[in-house]
Structure formats: C-alpha cells, structure tokens
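A short worksheet on the structure shown next.
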Amino acid sequence: MSEFVPRNFIQNIIDEDLKENRVKKIHTRFPPEPNGYLHIGHAKSICLNFGLALEYGGLCNLRYDDTNPSKEDQEYVESIERDVRWLGFDWEDRKFYASDYFEKMYESAEQLIKDGKAYVCDLSPEEIREYRGTLTEPGKESPYRNRSVEENLDLFRRMRAGEFPDGSRTLRAKMDMASPNLNMRDPVLYRILRATHHRTGDNWCVYPMYDFAHPISDALEGITHSICTLEFEDHRPLYDWVINNLDLGCKPRQIEFARLNLTNTVMSKRKLRELVEKGYVDGWDDPRMPTISGIRRRGYTPSSIRDFCERIGVAKANSTVDISLLEHCIREELNLTAPRVMAVLRPLKVIIDNYPEGQVEELPAENNPQNPELGSRTLLFSREIYIEQEDFMEDPPKKYFRLSPGKEVRLKHAYIIKCERVVKDEKTGEVVELHCTYDPQTRSGLDQSGRKVKGTLHWVSARHAVPAEVRLYDHLFINASDQAENGEQQEEDMILNPDSLERLTNCLIEPSVQGAKPGDRFQFMRQGYFCVDLDSTADRLVFNRIVSLKDSWAKQGKK
RNA sequence: UGGGGCGUCGCCAAGCGGUAAGGCAACGGACUCUGACUCCGUCAUGCGCAGGUUCGAAUCCUGCCGCCCUAGCCA
C-alpha cells in the first residue's frame with residue numbers, strides 16, 4: 001500500500017471549518033439511490049465519505065435516497081449493503097432512508113406554504129417547461145403562483161389525500177422565474193405519483209423531489225459536509241435555500257467533486273444496464289464489469305480498491321483515470337500475499353527421455369519468494385510433463401530464451417532440460433510433443449553444475465496435474481479512436497472488445513490447488529494473478545484471471 | 001446563447017507570490033531458478049493563450065480560447 005496520502009480540497013475545507021469552529025465533529029453520508037448496482041465510481045464516493053469520517057474521528061451514515069418509488073427496489077439495497085461492507089466500511093446503527101423522513105418533509109412543505117414560500121401549481125409538465133423559459137430567456141410566473149396560503153394548504157392536503165390524478169398538480173417553491181440558474185425558477189418540491197414504494201408501500205401518493213428531500217435528510221441526520229458530484233453544483237443555491245428557509249437545527253454544507261471515469265470501461269448506469277440486458281456480459285457481477293460485484297468476483301481485494309481510490313485523488317476537474325493504475329494496485333498487493341503456483345494454460349506435452357519411467361520425485365517449492373511466512377509445498381516431478389505452448393518455438397526470434405530445438409531451459413524448482421526432438425502432427429504440421437533430456441546434476445537447490453540458462457519455465461507433471469478451466473479477461477472496451485493524442489477518452493468513442501473473455505478449458509494445474517475455495521487467490525507463475533470463481537465445483541476448478549503479470553517480452557513483440 | 005464549474009507531463013494530481021511534489025504509464029540499465037518482483041536512472045526553463053502588476057507569478061489583475069454541467073413532475 002502506498003504511504004503517499006495526498007490532501008485534497010475537501011480536507012482543506014474541513015480543516016478550515018474545524019479551525020473556524022463552524023463544526024466540532026464531522027459527519028458525512030453515502031446516499032445511493034437503490035435503483036442499480038454500485039460500481040467503482042461509487043467506491044470513490046464511499047471511500048471519500050467513510051474515509052473522511054474515519055480520518056477526522058467523525059461518523060458516516062448510509063442513507064438510501066429513495067424518493068422515487070417508480071425506479072427503486074429492495075433488491076438493490078441488499079446489494080448496496082453487501083458492497084459497502086465488502087469495501088470495509090461500517091455504518092453501525094446508522095442506516096437510514098430518505099423515506100424515513102417523509103412525514104417530516106411533508107410538514108416542512110406545509111411550513112413553506114404557511115410562510116408563503118411554496119404554492120400548489122396546476123400547470124402540466126409541458127406547461128411548466130414552457131413557463132420555465134430557456135437558458136437565455138427568463139421564465140414566466142405560473143398563473144397559480146399567487147394563491148392564498150389557505151388555498152395552497154387545502155390543495156396540498158388534498159394532493160396528499162389522493163384527490164388528484166398523477167401529474168395534475170405539483171408543489172413548487174416560490175423563488176425567481178427570472179433567475180439565470182434554471183434550478184431556481186420555482187422548482188418542483190412535490191409531485192403526485194401513485195407507485196408502490198419499496199418501504200412505505202401505498203401510504204403516499206405524493207413524493208418529494210431530490211432537491212427538497214436531500215437537504216432535509218442531511219439536516220435531520222446532522223450531516224456537516226454533504227459531498228456530491230459536480231453536476232449538483234448548480235443545485236447548491238437550492239440546497240441552501242431549503243436549509244435556510246426551514247428550521248431544521250443544522251446547516252450542512254454541500255461540496256461537489258468530480259466523479260470517476262476509467263479508461264476502457266463505461267460507468268453510467270444506463271450503459272451498464274445495457275451490457276447486462278443485451279447479453280454482452282453475463283450479469284451485473286460478470287468479472288469484466290466495473291461494478292463492485294463484478295470487481296469482487298474478478299478477484300480484486302477491498303484493500304486494493306481503497307488504495308486505488310486514495311491514489312486517484314479528489315478534485316473538481318473532470319478526468320479519466322488510466323485503468324493501468326487499478327491494475328497496478330492489485331498487482332502490488334497480490335505480489336506480497338498470493339501464493340505462487342504453476343499452471344499450464346495451453347499444454348504442450350514434453351517427454352524427458354532419460355528420466356526413469358515410473359519415477360516420481362518430490363521437489364520443495366517456496367510459496368511466495370517475497371513472503372517466507374507463506375511457507376512451502378512439495379511439487380511432483382515425473383517423466384512426462386506439460387509446458388506452455390508459447391514456451392516453445394521451433395524457429396525462435398532473437399532473444400527468445402525459452403525452449404527451442406537443441407536449446408536448454410530450466411524447469412522452475414526442477415531441472416535443466418534440453419530439447420532433442422520435435423514431434424509434429426503429420427497432417428497439420430502442428431507441434432504435438434517434445435522429447436527432451438534432463439541433466440540430473442541440475443536439480444534446483446542441489447545444482448552443482450554451475451550451468452546457467454536464460455529461461456525458466458513453469459510446468460506440471462502429466463500424471464499429477466489437475467484439470468481446470470481458466471477465464472482470461474481483458475478490457476471490456478477499447479478506444480475506437482485509439483491512442484488519440486488528445487488524451488481524454490469519451491465513452492462514445494469506445495467499442496466493445498470482442499476478446500474481453502477467453503475461456504480455456506484444458507488447463508492443467510499443480511495438485512496443490514486442489515481444495516481451493518471460491519475467492520482464493522494465486523499467482524500462476526509467469527502469467528498473472530487468478531481467483532477461484534463461484535462456478536467451481538467439487539471436481540472442477542474454475543479460475544478468473546484478475547490481472548496478468550507485466551510482460552516486457554510481449555511488449556518487445558509489439559515494437 | 002444565460003448561469004455554474006474546470007484547464008499543471010501521455011493519464012491522475014500537489015501547489016495558495018519565493019523560483020514546478022508524488023503516483024501510474026513510458027524509456028534506458030542492474031539483478032533474477034517468475035522476461036515477474038526489486039533497485040538505479042531518464043521523463044514540464046514549463047503550468048490553456050495573450051497582456052499587465054511585482055525584485056519575483058502556476059499562484060494576483062485584465063482579456064481571450066477550450067472543455068464539462070444545466071431548459072426531468074430523475075437522482
């Protein structure tokens with residue numbers, strides 16, 4: 001984990017608020033709408049809000065912003081809680097719902113009416129739009145704007161009582177139809193909506209709008225810093241208006257920051273939903289998805305995500321973080337914690353002609369050279385083994401230091417072997433088998449020969465290896481206008497990567513992985529970090545590639 | 001077009017008038033029984049542009065330019 005912890009502008013604001021005694025103890029909240037699955041962009045917000053509370057010895061609430069029953073569902077609240085917990089944060093007994101405050105919000109609305117600051121408007125949605133004006137022209141006042149307090153109160157109560165059809169009337173704040181900020185042109189506070197709410201059922205047929213509900217929820221919970229994304233910047237005057245025109249005993253401060261964008265993926269709920277619904281991925285938790293559930297299934301650790309969120313920083317400039325930073329974070333952690341194991345993904349048979357038939361040798365192998373505490377295991381070596389197809393080339397390029405005819409390599413933790421003969425399929429010409437000889441003097445740890453070879457290969461014993469399926473993942477999207485020097489990548493410029501998943505079903509892995517459970521992580525030597533998938537069964541393991549190892553040889557090839 | 005916000009290395013991002021942190025990526029090299037890891041080195045005379053103030057400006061002022069948000073009874 002990095003020790004580098006940058007201070008961001010929000011921390012500066014909080015420091016100032018503390019210093020000036022505007023607040024004594026900070027209190028934040030993470031306010032998702034339960035209408036979809038959380039993604040890594042939400043993780044940034046979660047880490048920010050809970051992280052700030054932790055850092056300053058304050059509190060952070062979990063609060064569902066459930067003011068629109070037509071879009072929300074209980075299914076989502078469960079997944080949200082699982083995800084926040086998985087990330088390592090705890091809201092203790094502070095799980096709230098905006099819907100908990102519906103009665104209080106309703107009372108607040110009546111108070112605004114009594115104060116002459118809100119009115120019931122009979123304009124249709126289309127009319128409201130017309131009356132709102134445009135970016136350059138001021139709006140017109142609603143003909144219902146000057147109803148008496150009594151009439152407004154009566155109408156509003158009857159709205160609540162269900163006397164009017166959906167959409168027929170609204171409660172609006174009396175602000176300024178000429179404001180250059182369209183949000184201030186008498187915004188709607190309440191609408192009539194007959195939909196069953198996931199918590200309040202059919203108790204209500206009027207529901208508060210976000211702009212009214214959010215500041216009230218914040219104030220009621222004693223939130224000191226209400227952190228949201230940039231698009232709400234224009235709503236801040238409205239947020240403040242609600243806070244200042246109601247006596248809620250608390251004046252939270254709204255602060256906006258830039259949401260996270262990542263290269264090679266999409267983040268909008270709409271596009272993620274589309275991937276799922278059109279079957280481009282297997283579900284919300286498909287390991288290629290940037291959802292928290294997808295990332296978790298892929299094999300990322302919570303700590304690597306927290307590290308990532310810390311490293312990307314918090315600022316107000318729109319930005320797109322290179323996904324290689326995320327990959328760096330998980331590699332860095334797993335390098336220290338993941339046991340190493342040998343797995344052959346695309347097997348090529350090797351027969352060691354001078355190795356005694358039927359002999360099996362036990363070879364000791366450390367589980368993690370970076371971390372001796374992870375101990376060691378015993379490998380089984382025999383006459384027939386498998387190596388990786390790409391570790392042999394009949395006609396190798398310069399600087400290829402793997403196996404080729406007449407050349408030598410070391411088998412990791414075992415012997416140096418030499419390739420003597422290549423057996424090919426007569427029809428296809430495909431290499432099907434290699435015959436090699438080994439040098440008994442070169443056994444790892446006991447090597448007296450003093451011989452040096454450039455290449456070291458991973459391998460498995462044919463008799464002892466266990467079969468497995470391995471799923472290789474690549475970026476979900478590639479940039480169509482690839483490597484455009486102009487930097488920032490737009491979601492629109494991206495096309496689905498047709499090779500984002502490669503399923504290998506004939507993999508062979510050393511027997512020590514037997515008994516591994518879903519979620520267990522390994523480094524497959526020379527290949528990458530892998531995680532046992534949920535699809536594994538008692539007799540067949542399935543692995544997800546979390547991330548490959550860096551590969552400077554592959555990079556050579558691209559030049 | 002009104003209003004709001006933002007422009008510091010390929011990507012993030014510090015910096016708050018005293019002479020451009022750091023991370024990722026990239027590129028060299030060392031080491032290596034993982035072409036991994038690790039280590040060493042390179043990578044902004046420059047902070048959107050142009051003027052101005054100042055002994056001194058990424059930081060202050062003026063004017064431009066570019067990008068994002070905004071005309072839901074969504075959040």
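None of these values were measured; they are calculated from a predicted model. Chain naming here is simple, since letters A, B, ... match the order of the sequence lines and numbering starts at 1 in each.
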Checklist outcome for this item: From the candidates A75(B), U32(B), A13(B), the one with an atom nearest any side-chain atom of Lys454(A) is U32(B)
Item to check | Touch class at under 4.0 angstrom, heavy-atom based, for Leu123(A) against every strand present | outcome: base
Checklist entry - Is Ile128(A) touching bases, backbone alone, or none of the nucleic acid, heavy atoms closer than 4.0 Å? => result base
Item to check | Non-neighbouring partners of Glu75(A) that pass salt bridge (charged side-chain N to carboxylate O under 4.0 Å, His left out), sequence neighbours left out | outcome: none
Checklist entry - With Asn335(A), which residues qualify under side-chain contact (heavy atoms from CB on, under 4.5 Å), at least two apart? => result Arg340(A), Gln370(A), Tyr529(A)
Checklist entry - What's the base orientation of G28(B): syn (chi within 90° of 0) or anti? => result anti
Checklist entry - Considering only side-chain heavy atoms of Arg526(A), which listed nucleotide, C73(B), A71(B), U34(B), is closest? => result U34(B)
Checklist outcome for this item: Of C24(B), U70(B), U34(B), the nucleotide closest to the side chain of Arg311(A) is C24(B)
Checklist entry - Within the modelled atom types, does a donor on one side and an acceptor on the other bring the side chain of Gln523(A) and the base of U34(B) under 3.5 Å apart? => result yes
Checklist entry - Ser324(A) has a side chain; which of U34(B), A75(B), A25(B) sits nearest to it? => result A25(B)
Next on the checklist: Regarding Asp186(A) and Arg145(A), does a basic nitrogen lie under 4.0 Å from an acidic carboxylate oxygen?
Outcome noted: yes
Item to check | Nearest listed nucleotide, side chain of Arg340(A), among G4(B), U34(B), C74(B) | outcome: U34(B)
Checklist entry - Reckon Gly139(A) touches a base, only the sugar-phosphate, or nothing at all at heavy-atom distances under 4.0 Å? => result nothing
Checklist outcome for this item: residues 168-177 of chain A vs side chain to side chain donor-acceptor pair (under 3.5 Å), sequence neighbours excluded, gives Asp122(A)-Arg169(A)
Checklist entry - Is Glu33(A) paired with Lys71(A) through a side-chain N to carboxylate O contact shorter than 4.0 Å? => result no
Checklist entry - Does NZ or CZ of Arg63(A) lie under 6.0 Å from the centre of the six-membered ring of Phe96(A), at an angle within 45° of the ring axis? => result no
Next on the checklist: Can you tell me which nucleotide in U34(B), G7(B), A75(B) comes closest to the side chain of Ala317(A)?
Outcome noted: G7(B)
Item to check | Presence of Lys269(A) side-chain N/O under 4.0 Å of A75(B) phosphate oxygens OP1/OP2 | outcome: no
Checklist entry - Who pairs with Thr301(A) by side-chain contact (heavy atoms from CB on, under 4.5 Å), at least two apart in sequence or on another chain? => result Ser303(A), Ser304(A), Ile330(A), Glu333(A), Leu334(A), Arg521(A)
Next on the checklist: Considering only residues two or more places apart or on different chains, which pairs with a residue in residues 206-215 of chain A satisfy salt bridge (Lys or Arg N to Asp or Glu O under 4.0 Å)?
Outcome noted: none
Checklist entry - From G35(B), C12(B), C69(B), pick the nucleotide closest to the side chain of Arg402(A)? => result G35(B)
Item to check | side-chain N/O His458(A) vs U34(B) OP1/OP2, d < 4.0 Å | outcome: no
Checklist entry - What interatomic distance, in whole Å, is found between P of A26(B) and the corresponding atom of C37(B)? => result 10 Å
Checklist entry - Within the structure shown, what part of the strands sits under 4.0 Å from Val453(A) by heavy-atom distance: base, sugar-phosphate, or nothing? => result nothing
Item to check | Sugar-phosphate only, base, or nothing, as touched by Lys316(A) at under 4.0 Å among non-hydrogen atoms | outcome: sugar-phosphate
Checklist entry - Ring-on-base stacking between Tyr210(A) and A75(B), under 5.5 Å between centres and under 30° between planes: is it there? => result no
Checklist outcome for this item: Assert: residue with more 5' nearest nucleotide on RNA chain B, out of Lys71(A) and Asn12(A), is Asn12(A)
Item to check | Nearest-Å distance once atom P is located in both A75(B) and C60(B) | outcome: 38 Å
Item to check | Under the salt bridge (charged side-chain N to carboxylate O under 4.0 Å, His left out) test, residues paired with Arg194(A) that sit two or more places apart | outcome: Asp166(A)
Next on the checklist: Base, sugar-phosphate or nothing for Arg410(A)? Non-hydrogen atoms, less than 4.0 Å.
Outcome noted: base
Item to check | Positive for ring-ring contact (aromatic ring centres under 6.0 Å, His included) with His197(A), one of Phe102(A), Tyr64(A), Trp204(A) | outcome: Phe102(A)
Polar atom pairs between nucleotides 37-41 of chain B and protein, under 3.5 Å, N or O only, would you list them?
residue, atom, partner, partner atom, Å
C37(B), O2', Asn335(A), ND2, 2.8
C37(B), O2', Gln370(A), OE1, 3.2

Checklist entry - Which nucleotide in the list C73(B), U1(B), G3(B) gets nearest to the side chain of Leu135(A)? => result U1(B)
Checklist entry - Is Phe524(A) touching bases, backbone alone, or none of the nucleic acid, heavy atoms closer than 4.0 Å? => result nothing
Checklist entry - Around Gln74(A), counting heavy atoms of other residues, nucleotides and ligands shown, do more than 12 lie under 6.0 Å from its CD? => result yes
Checklist entry - NA contact type, Arg443(A), heavy-atom cut-off 4.0 Å: base, sugar-phosphate, or nothing? => result base
Checklist entry - Which nucleotide sits closest to the side chain of Asp234(A): G15(B), U70(B), A75(B)? => result U70(B)
Checklist entry - Which part of the nucleic acid, if any, lies within contact of Tyr190(A), taking any heavy atom under 4.0 Å across all strands shown: a base, the sugar-phosphate backbone alone, or nothing? => result nothing
Item to check | Short side-chain N/O contact to A36(B) OP1/OP2 from Ser552(A), under 4.0 Å | outcome: yes
Next on the checklist: Once you apply a heavy-atom cut-off of 4.0 Å, does His235(A) come out as touching a base, just sugar-phosphate, or nothing?
Outcome noted: base
Item to check | Those residues of residues 160-177 of chain A lying under 4.0 Å from RNA chain B by at least one heavy atom | outcome: Gly167(A), Thr170(A)
Item to check | Counterpart residues, salt bridge (charged side-chain N to carboxylate O under 4.0 Å, His left out), relative to Asp322(A) (two or more places apart) | outcome: none
Checklist entry - So what does Met342(A) touch, heavy atoms closer than 4.0 Å: a base, only the sugar-phosphate, or nothing? => result nothing
Checklist entry - Can you tell me how far P in G3(B) sits from the matching atom in U42(B), rounded to whole Å? => result 49 Å
Checklist outcome for this item: Of C24(B), A13(B), G72(B), the nucleotide closest to the side chain of Arg132(A) is G72(B)
Checklist outcome for this item: When Gly133(A) and Glu33(A) are each assigned the nearest nucleotide of RNA chain B, the 5'-most assignment goes to Gly133(A)
Checklist entry - With sugar-phosphate meaning primed atoms plus P, OP1 and OP2, does Glu137(A) contact a base, only sugar-phosphate, or nothing at under 4.0 Å between heavy atoms? => result nothing
